[in-house]
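Letters A, B, ... mirror the listed sequences (proteins, then strands); counts begin at 1.
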Amino acid sequence: MSGPGVGDLPASSHLALVTTRHGAVLATRDRSWGIPAGDVAGVLRRVDAELAPRWVWWSAEATVSGVLSDDPALRLRRCWDLAAVHRLLHGGSLDDPAHVWAGVTGLDAGTRPTSGQLDLLRPDGDDGDPLEPVRPDGHLRPDWADGGWALGGAEDVGRRATRWAALALQASDEQGRTLRDLDAGGDPVHTAWSESAAALVAVELAVTGLPVDRDAAEAVVAGVAGRRAENPADEAVVRDTRDAPVLAHLPGTDLRNPASVRSALAAVGLDLPDTRSWRLEQVAGAHPAVEALLAWRKSERVATTYGYRWLDTHLRGGRLRGAWSGSDGGAGRMTALAGLHSMPRELRVAVRAEPGHLLVRADLGQVEPRVLAAVSGDPALAAAARQDDLYARVATQLGVERGVAKVAVLAAMYGQTSGAAGAALRDMERTYPVALAYLRAAQDAGHRGDGVRTFGGRLVPMWDVDEVPPEAGAGALSAYRAVLASRGRFARNAVVQGSAAELFKAWTAGVRARLAASGAGDVVLCLHDELLLHVRADVADDVAAGVVDELETTAARWARCAERGVAPVRFVADVRVLERWSDVS
DNA sequence: GACTCTACGTA
DNA sequence: CGTACGTAGAGTCA
């Protein structure tokens with residue numbers, strides 16, 4: 001068998017893709033094509049270029065990772081990621097085929113069979129045709145759900161892959177129907193597209209990696225944490241050198257044991273409830289040991305987490321790589337391993353464009369309050385969000401200093417009620433009643449234990465809380481109330497943070513599409529509201545302009561939901577062309 | 001070895 | 001009694 005001819009497929013339609021170690025299968029509703037292993041990347045490249053299908057797969061991770069190892073520059077344009085859409089619709093982090101199929105069929109995933117149960121309870125395997133992935137009870141057979149279908153000879157695997165591809169198409173149709181009926185402020189179907197793109201970006205990011213200059217990185221590490229140790233004994237020498245300045249003030253302290261540090265500080269007259277940095281900073285002048293300890297903490301952080309071991313583990317061939325998730329956590333932000341989301345700013349000087357290339361850094365300004373204005377439909381906050389500096393306008397509207405206004409807005413979104421923010425919050429209630437009511441509704445839902453949905457329709461489920469019996473003591477009761485309150489704060493924040501994540505990913509998906517079309521370069525880092533691109537130097541300025549343009553496209557799409565009470569707001573990005581991430585301009 | 005606690009880097 | 005995430009070291013328990 002060979003790849004499909006161009007005329008064999010309808011353009012711009014859903015096209016299922018399943019990859020195996022023997023090759024791949026493409027399928028429409030009524031036809032399928034097999035592709036031998038060596039041809040997969042080439043055929044996908046050609047079909048994508050000529051027909052621009054929306055590729056349907058169970059997950060980008062399972063389907064595309066292998067293809068990208070053969071052809072790292074392959075950029076498939078549009079996709080429908082069943083796992084990503086499942087998480088959008090149903091929340092949570094479980095998105096394996098068994099859960100996806102349970103979501104599609106409306107079955108309770110908790111009743112799905114597992115391979116263990118199959119062995120124990122059904123020794124005969126008498127649960128239907130082994131060539132049919134769906135059992136009579138509607139669940140996937142465990143040996144299909146866990147990938148067992150892909151084991152065996154090329155012919156058998158090819159047959160099963162064809163069935164698996166057909167099932168993926170069926171699942172995507174059903175997900176699409178559910179999304180179209182979903183009651184959300186935004187556009188769930190479009191969100192499904194961008195969330196699918198984000199899942200693909202996650203796979204691409206793991207392959208592409210962040211360009212890091214090892215010498216520059218090691219120079220930073222050396223300056224902050226000391227030289228590279230030559231052997232385990234030398235390791236102790238370097239560590240003692242780091243510790244010495246603090247031990248001069250607090251002899252005999254185990255710096256890595258918070259209890260030891262706390263009692264050592266108490267011994268010099270500083271009785272603190274804990275030894276966290278922000279608390280130490282409050283008493284910085286009280287004793288020279290505090291300053292030494294703060295400096296030590298910084299260098300110890302680099303030494304243990306972002307030092308030579310980190311570089312040796314994750315930096316290869318000038319690229320720092322880690323696994324990514326396109327939507328993780330409660331609100332569906334992207335996450336990254338290998339410390340890619342939390343490397344200290346000091347190390348950004350080592351993130352450097354390769355020869356002939358430049359970085360394009362773009363970060364969204366004040367994105368969460370702008371998102372709040374849009375999704376809540378608050379006219380006054382939206383008016384502020386049409387300004388370059390939202391907080392300045394809020395300050396005018398509240399009649400306070402800009403700094404106070406910023407704290408008040410952030411406090412409202414995070415659910416803070418104490419301190420100076422508490423007072424400013426009352427002014428917020430008066431000035432932005434619609435936005436505050438929106439936040440309160442989310443908080444109330446979370447408090448009750450009900451899930452909330454983001455603008456794009458992502459379900460953010462709430463966790464269960466053990467009820468306390470009526471005769472419970474005051475302590476148990478207040479602990480219970482505290483847990484309910486934390487659930488409320490989480491929900492209040494999730495509708496903003498999650499919707500902002502959707503805006504970011506829609507923007508990122510568009511930027512990625514432009515990069516793919518022009519061949520200008522790659523997305524190399526996604527940092528919640530900041531994008532880092534690595535592009536050919538000769539087109540860097542064009543790419544930067546495209547990034548701004550793409551943000552306007554994304555914002556306009558959001559504004560099109562205006563008839564549903566969504567306020568048109570402006571989203572702004574600071575876009576710069578740089579050699580090093582740390583560069584100011 | 002799995003788990004919790006403390007701590008801290010990023011947004 | 002301000003949100004989310006990932007990583008590491010020390011301690012606890014088995």
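Applying the side chain to side chain donor-acceptor pair (under 3.5 Å) rule to pairs touching residues 434-444 of chain A yields A:Glu429-A:Arg440, A:Gln443-A:Arg492, sequence neighbours excluded.
Pair assignment for C:dG9 gives B:dC5, based on Watson-Crick or G-U wobble hydrogen-bonding distances that are each under 3.5 Å.
A:Trp324 has its side chain out of reach of A:Glu61: every pair of non-hydrogen atoms, C-beta onward, lies at least 4.5 Å apart. Residues A:Ser376 and A:Leu439 are not in side-chain contact: their nearest non-hydrogen atoms beyond the backbone lie 4.5 Å or more apart. Under the 4.5 Å side-chain criterion, counting only non-hydrogen atoms from C-beta, A:Val351 is not in contact with A:Leu320. In this structure the side chain of A:Met413 reaches within 4.5 angstrom of the side chain of A:Pro369, judged on heavy atoms. Residues A:Leu182 and A:Arg453 are in side-chain contact: their nearest non-hydrogen atoms beyond the backbone lie under 4.5 Å apart. The closest side-chain heavy-atom distance from A:His314 to A:Arg321 is not below 4.5 Å.
Atom-to-atom, OH of A:Tyr414 to C1' of C:dT3 comes out at 6 Å; the value is rounded to the nearest Å. The distance from atom CG of A:Leu525 to atom C1' of C:dG6 is 14 Å, rounded to the nearest whole Å. For A:Leu340 and C:dA4, the CG to P distance is 22 Å, given to the nearest whole Å. Going from atom CE of A:Met413 over to atom P of C:dG2 covers 15 Å, rounded to whole Å. The interatomic distance linking A:Leu255 (CG) with C:dG11 (P) rounds to 13 Å, in whole Å. In this structure, A:Asp254 places its CG atom 7 Å from P of C:dA10, rounding to the nearest Å.
A heavy-atom distance below 4.0 Å to DNA chain B is reached by none of the residues of residues 426-442 of chain A. Sorted by residue number, the members of residues 294-314 of chain A with any non-hydrogen atom under 4.0 Å from DNA chain B read A:Arg297, A:Arg301. Across residues 489-512 of chain A, A:Arg489, A:Phe490, A:Asn493, A:Gln497 each have a non-hydrogen atom less than 4.0 Å from an atom of DNA chain C (numbered order). The stretch residues 224-248 of chain A has no heavy atom under 4.0 Å from DNA chain C, so no residue of it qualifies as close.
Aromatic ring centres of A:His90 and A:His99 lie farther apart than the 6.0 Å criterion allows. Aromatic rings from A:Phe571 and A:Trp507 are positioned such that their centres are separated by 6.0 Å or more.
Between A:Arg448 and A:Asp450 there is a salt bridge, since at least one side-chain N of the basic residue sits less than 4.0 Å from a carboxylate O of the acidic one. Using a cutoff of 4.0 Å between basic side-chain nitrogens and carboxylate oxygens, A:Asp234 and A:Arg239 are not scored as salt-bridged. At a threshold of 4.0 Å, the pair A:Arg352-A:Glu579 does not count as salt-bridged, since none of the basic side-chain nitrogens sits closer than that to a carboxylate oxygen.
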- Task: Under the side chain to side chain contact (heavy atoms under 4.5 Å, CB included) rule, what do A:Val394 and A:Tyr432 come out as? Steps first, then yes or no, please.
- Result: CA-CA 10 Å; A:Val394 170; A:Tyr432 310 115; 3.4 Å; yes

- Query: Going through the distances and angles, do A:Leu94 and A:His86 end up as a side chain to side chain contact (heavy atoms under 4.5 Å, CB included)?
  - Reply: CA-CA 9 Å; A:Leu94 300 171; A:His86 173 79; 5.8 Å; no

- Message: Determine whether A:Arg402 and A:Asp389 satisfy the following criterion, side chain to side chain contact (heavy atoms under 4.5 Å, CB included), listing intermediate values before the conclusion.
- Response: CA-CA 10 Å; A:Arg402 184 182 180 282; A:Asp389 185 355; 2.8 Å; yes

- Task: Please test A:Arg214 against A:Asp312 for salt bridge (charged side-chain N to carboxylate O under 4.0 Å, His left out), starting from the C-alpha separation and ending with a verdict.
- Result: CA-CA 10 Å; A:Arg214 178 181 283 274; A:Asp312 294 346; 3.3 Å; yes

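When DNA chain B is scanned 5' to 3' for any atom under 4.0 Å from a heavy atom of chain A, the first and last hits are B:dT6 to B:dA11.
Nucleotides B:dC5 and C:dC1 are separated by 15 Å at their P atoms, to the nearest Å.
Contacts of A:Arg348 with the nucleic acid, taken as non-hydrogen atoms under 4.0 Å apart, involve only primed sugar atoms and P, OP1 or OP2. Within the 4.0 angstrom heavy-atom criterion, no nucleotide atom of any strand lies near A:Ser486. Counting non-hydrogen atoms under 4.0 angstrom, A:Arg333 reaches a base of the nucleic acid. Within 4.0 Å of A:Ala259, counting heavy atoms only, lies no atom of the nucleic acid at all.
The residue from A:Asp574, A:Val575, A:Leu533 that alone fulfils the side chain to side chain contact (heavy atoms under 4.5 Å, CB included) condition with A:Arg361 is A:Asp574.
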